Visitor: 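Right, I'll just put the structure down here and ask away after.
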2 protein chains.
Amino acid sequence: MSDAQAALKRRPSDKEGDERHEAIYRSVSDAIVEQRLKPGARLREDALAEVFGISRTGIRKILQRLALEQLVTLTPRRGASVTRPTADEAKDVFDARQLIECGLMPDVARRMNAAAAAELRDMAREERQALRSGQQSVAIRLSADFHVRLAQLSGNATLAEFVERLCSRSSLILAVYGHRGHLGCESHDHDDLIGYLETGNGERAKAFMSRHLKAIEASLSMVEEEENVPDLQQIFGA
Amino acid sequence: MSDAQAALKRRPSDKEGDERHEAIYRSVSDAIVEQRLKPGARLREDALAEVFGISRTGIRKILQRLALEQLVTLTPRRGASVTRPTADEAKDVFDARQLIECGLMPDVARRMNAAAAAELRDMAREERQALRSGQQSVAIRLSADFHVRLAQLSGNATLAEFVERLCSRSSLILAVYGHRGHLGCESHDHDDLIGYLETGNGERAKAFMSRHLKAIEASLSMVEEEENVPDLQQIFGA
DNA sequence: ATGCTATTTATTGTATACAGTAATTCCGTT
DNA sequence: AACGGAATTACTGTATACAATAAATAGCAT
């Protein structure tokens with residue numbers, strides 16, 4: 001038996017199990033944020049357990065975490081499904097982003113430096129690239145990543161975590177209320193923003209972020225469109 | 001066998017189980033916020049399972065939730081313990097409260113009405129009462145409840161939830177860095193705040209909230225004091 | 001006596017078995 | 001053919017058994 005086969009078969013040690021759990025969590029979370037798992041899609045414990053090769057116990061832990069982050073909805077006796085945000089929730093999320101993300105801009109501008117700016121530019125470029133090559137769902141995740149990274153640069157880990165949650169939920173909202181073929185974020189907005197931050201112009205960045213978020217929110221149609229749910233196998237790859 | 005005994009013995013239906021879980025969660029959460037469980041206290045799964053009469057499975061679910069709310073810290077293979085916030089975290093939490101709670105004041109003022117004001121006054125009175133009768137730990141929880149209720153009145157459920165988390169963590173911070181016998185919140189601050197909100201003066205309320213939070217933060221000493229951890233039985237009552 | 005190693009113990013991590021309930025299907029009646 | 005109800009099925013909720021590991025302890029050598 002080859003090492004690879006042995007690695008697959010043997011019971012993983014607990015430490016490895018933790019990392020595996022984290023990887024599975026990210027896998028599912030990314031699938032939701034990238035809209036390969038669409039709002040309303042059911043997440044059956046058995047199916048997920050089989051796909052990822054762990055028992056339902058571990059899957060439940062992950063689903064509960066996702067539920068607390070409001071990416072999945074846990075209805076008693078019915079199990080988990082990808083959250084379908086209501087219009088009210090959408091408004092709350094974007095209002096919250098206005099308050100928090102805009103409020104952080106002065107701090108971010110104060111702490112901005114060349115290295116951070118370069119990193120952000122890389123992320124913005126990658127996002128444009130994904131968009132050009134037609135990978136819109138990937139672009140949506142990259143856009144969320146950009147906003148999260150920005151918040152992290154403020155130095156406030158707690159608020160950055162809040163922004164992270166808001167951005168994931170925003171992806172869900174875009175999936176339900178966004179127009180197909182329209183990302184929400186304009187391609188060059190992020191670059192412009194980096195410019196303001198780099199020159200330490202916090203107030204300017206704040207105002208720009210406000211417009212940026214308003215633009216995304218305005219691009220939503222608030223009319224849901226029905227989707228059919230694909231198979232777990234093809235989403236995560238056999 | 002009496003009904004009460006029967007109710008204790010028989011396996012609860014799943015729906016009742018959910019409510020029971022929620023009750024246990026609140027029980028533990030309150031114990032932490034009221035500082036009957038002090039930062040650093042270990043929360044062994046077996047012990048909790050026995051105290052509350054459910055299996056470790058349910059306890060783990062609750063501990064994971066508390067961990068995501070950062071009230072308890074889950075270290076692999078070591079189990080759960082009440083989080084001992086660092087000074088950095090304390091700063092983050094209070095900065096976040098400044099941004100969010102102050103930012104919500106205009107909205108709260110706009111939506112304030114007689115019924116809400118009366119409810120808030122009741123809460124403020126109850127808090128003063130607890131303080132007068134020497135129940136400082138209860139007063140700390142009531143103070144947190146007040147701030148949370150205020151945030152809920154803004155109408156933004158998402159931000160209200162963030163405030164809820166920040167307030168729980170603040171109680172932990174007060175437990176570690178607060179002076180004994182000093183609550184942080186001045187007794188009449190909350191009443192003054194209600195006054196500004198009732199007259200629709202959002203900006204005034206915002207400024208007052210800012211001073212209020214700064215006062216609490218300033219009352220912290222940033223020097224931890226060691227505590228001995230009491231027994232689970234006496235905390236939750238046999 | 002002290003430090004190091006082996007053994008025991010305490011406690012968490014994971015899988016699985018079983019129970020309970022909601023959804024579905026199938027069948028008989030009208 | 002449509003409706004209502006009973007049997008079946010599919011899935012989640014919970015407890016428990018077992019595995020793995022870290023902490024505590026005891027024993028040994030220096």
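The structure displayed is predicted, hence computed values, not measured ones. Every chain is numbered from 1, with letters handed out A, B, ... down the list of sequences.
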Visitor: Find the distance A:Arg60:CZ to C:dA15:C1' and express it as a whole number of Å.
Guide: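 Answer to the nearest Å: 13 Å.
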Visitor: Identify, between B:Arg56 and B:Lys61, the residue whose nearest nucleotide on DNA chain D lies closer to the 5' end.
Guide: B:Lys61
Visitor: What is the distance from CD of B:Gln64 to C1' of C:dG13, rounded to the nearest Å?
Guide: 11 Å
Visitor: If only side-chain N and O atoms of B:Thr57 are considered, is one of them under 4.0 Å from the OP1 or OP2 phosphate oxygen of D:dT14?
Guide: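 For D:dT14, neither OP1 nor OP2 has a side-chain N or O of B:Thr57 closer than 4.0 Å.
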Visitor: How long is the line joining CD1 of A:Ile54 and P of D:dA19, in whole Å?
Guide: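 Rounded to the whole Å, the gap is 20 Å.
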Visitor: Locate the shortest heavy-atom distance separating A:Arg84 from A:Val176; write the atom from each residue and the value.
Guide: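 Shortest heavy-atom contact: CG-CG2, 4.4 Å.
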Visitor: Quick check: closest heavy atoms across B:Leu150 and B:Val108, and the distance to 0.1 Å?
Guide: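 Shortest heavy-atom separation between B:Leu150 and B:Val108 comes out as O-CG2, 3.5 Å.
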Visitor: Of the nucleotides D:dA15, C:dT11, C:dT14, which one has an atom closest to the side chain of A:His21?
Guide: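 Among D:dA15, C:dT11, C:dT14, the one nearest the side chain of A:His21 is C:dT14.
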Visitor: Rounded to the Å, how far apart are A:Arg44 CZ and C:dA22 P?
Guide: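 That distance rounds to 18 Å.
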Visitor: Assign B:Arg78 to base, sugar-phosphate, or nothing according to its heavy-atom contacts below 4.0 angstrom with the strands shown.
Guide: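 Sugar-phosphate, no base atom in range.
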Visitor: Whole angstrom is fine here: how far is it from CG in B:Leu43 over to P in C:dA10?
Guide: 20 Å
Visitor: Going by heavy atoms in the side chains, are B:His190 and B:Ser143 under 4.5 Å from each other?
Guide: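 Heavy-atom side-chain distance check passes, below 4.5 Å.
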Visitor: Roughly how many Å is it from CG in A:Leu48 to P in C:dA15, rounded to a whole number?
Guide: 14 Å
Visitor: I need the CD1-C1' distance between A:Ile59 and D:dT12, as an integer number of Å.
Guide: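 Taking CD1 of A:Ile59 and C1' of D:dT12, I get 14 Å after rounding.
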Visitor: Distance check needed: C:dT14 P versus A:Phe52 CZ, whole Å only.
Guide: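 The answer, rounded to whole Å, is 16 Å.
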Visitor: Run B:Ser81 and B:Thr73 through side chain to side chain donor-acceptor pair (under 3.5 Å) and show every step you take.
Guide: CA-CA 5 Å; B:Ser81 59; B:Thr73 302; 5.1 Å; no
